[in-house]
Amino acid sequence: MTWIIPESLDGARADVVLSALGEMTRSAAQKLLDAGAVCADGKTAAKSAKLRAGTALSAEIPEPAPAEPVPQDIPLDIVYEDGDVLVVNKPAGLVVHPAAGHEDGTLVNALLYHCGDTLGGINGVLRPGIVHRIDRDTSGLLVVAKNDAAMESLARELAAHHTERVYECIVRGCPDDEGTVDAPVGRHPTDRKKMAVNYKNGKPAVTHYRVLERFAGYSYVECRLETGRTHQIRVHMAHIGHPIVGDPVYNPGGESFGLTGQCLHAKTLCFRHPKTGEMLKFTSELPETFRKLLTKLRGRV
């Protein structure tokens, strides 16, 4: 696997960087480094080496214990496709890649069926082609790399914050007309299944938001990601007191309006094509459940 080291890890030790980017324990990262399986810009890295932002860090990671995903004929809403990239409009409820409790029936299984052998092991066996993720119950756009060169280019664009990702959501309450939430996101200190604003161990996270429409007790909000941490928008909006409607994790007990998950949609995606350099921009319509909730809120007195 290959990653581009972000600014947030500039100057950190190689074992710390690999642990963070590879989502593994520090001891597991140190074992790989001691085995000579990790390179920084093509040169074998020592675990104590201080690495700079922008460096390409690659690691030969052994195949994970879970079984390799198998192709499954799952319908895909493909917005764009060429020989290098594929843009998918993911429905809410579809898990992006296999994980504990979701070993199959994922977007990865669908991509393997659609793309055949072209995806191979790009970005690892369990996440072939996956450049960035969106949560299971979040709908909307994400880009998939179809070869190693595309993966490296898109990863670099993400690390440099050159990829535009705009989400829309419905939140509880009435936030300011616009604002920025600049608060690090990391694992919740007591509930390891949740993320939280974590000033001690979190990673830098920035979300820009603006209110599109106000209702009685609720707001229709656009969120623009500057970074892309796990659950970032959900955590940030809850942090400022305006959790997303339907979110069972960060808005427990809130009125769900019959939704089975958070009312959050990845509406706009803009990135530079890895081969041509052309800026590509895509938008997707709000899902029906989202549109129905807007209609209901607009009808409230």
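Just so we're clear, the structure is a prediction, and the values are computed from it rather than from any experiment.
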Would you confirm whether [X], through its side chain, and [Y], through its main-chain N or O, come within 3.5 Å as a donor-acceptor pair?
{"X": "His242", "Y": "Arg172", "answer": "yes"}
{"X": "His114", "Y": "Leu76", "answer": "no"}
{"X": "Trp3", "Y": "Leu57", "answer": "no"}
{"X": "Glu157", "Y": "Leu154", "answer": "no"}
{"X": "Thr227", "Y": "Val206", "answer": "yes"}
{"X": "Arg52", "Y": "Asp10", "answer": "no"}
{"X": "Lys90", "Y": "Arg136", "answer": "yes"}
{"X": "Asn109", "Y": "Thr106", "answer": "yes"}

Less than 6.0 Å separating the ring centroids of Tyr218 and Phe257?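 Tyr218 vs Phe257: aromatic centres under 6.0 Å.
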Can the ring centres of His162 and Phe271 be said to be less than 6.0 Å apart?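 His162 vs Phe271: aromatic centres not under 6.0 Å.
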Which class fits the ring pair Phe282 and Tyr80: parallel under 30°, tilted 30 to 60°, perpendicular over 60°?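 It falls in the tilted class, 30° to 60°.
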Side chain to side chain, Tyr113 and Gln72, heavy atoms closer than 4.5 Å: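 No, too far: nothing below the 4.5 Å cut-off.
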Heavy-atom distance under 4.5 Å between the side chains of Val245 and Leu293, does that happen here?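 The answer is yes; the side chains approach within 4.5 Å.
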Would you check, one step at a time, whether the test salt bridge (Lys or Arg N to Asp or Glu O under 4.0 Å) holds for Lys267 with Glu285? CA-CA 7 Å; Lys267 185 175 178 61; Glu285 291 187 0; over 6 Å; no
Regarding Arg210 and Asp176, does a basic nitrogen lie under 4.0 Å from an acidic carboxylate oxygen?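 Result for this pair is no, no salt bridge flagged.
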Any salt bridge linking Arg224 with Glu222? Criterion: basic side-chain nitrogen under 4.0 Å from a carboxylate oxygen.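 Yes, this pair counts.
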Please name all residues satisfying side chain to side chain contact (heavy atoms under 4.5 Å, CB included) with Arg26, sequence neighbours left out, ordered by chain then number.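 Partners of Arg26 under the side chain to side chain contact (heavy atoms under 4.5 Å, CB included) test: Arg13, Asp15, Val16, Ser19, Gln30.
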Could you walk me through whether Lys146 and Asp84 satisfy the salt bridge (Lys or Arg N to Asp or Glu O under 4.0 Å) test, starting with their C-alpha distance in whole Å, then the side-chain angles of each, then the deciding distance to 0.1 Å, before giving a yes or no? CA-CA 5 Å; Lys146 298 179 70 174; Asp84 299 287; over 6 Å; no
Taking it one step at a time, do Ser219 and Glu213 satisfy side-chain hydrogen bond (donor to acceptor under 3.5 Å, both in side chains)? CA-CA 6 Å; Ser219 299; Glu213 194 172 351; over 6 Å; no
Let me confirm one number: the CG-CD1 distance from Leu51 to Ile5, rounded to the nearest 0.5 Å.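 These two atoms lie 4.5 Å from each other.
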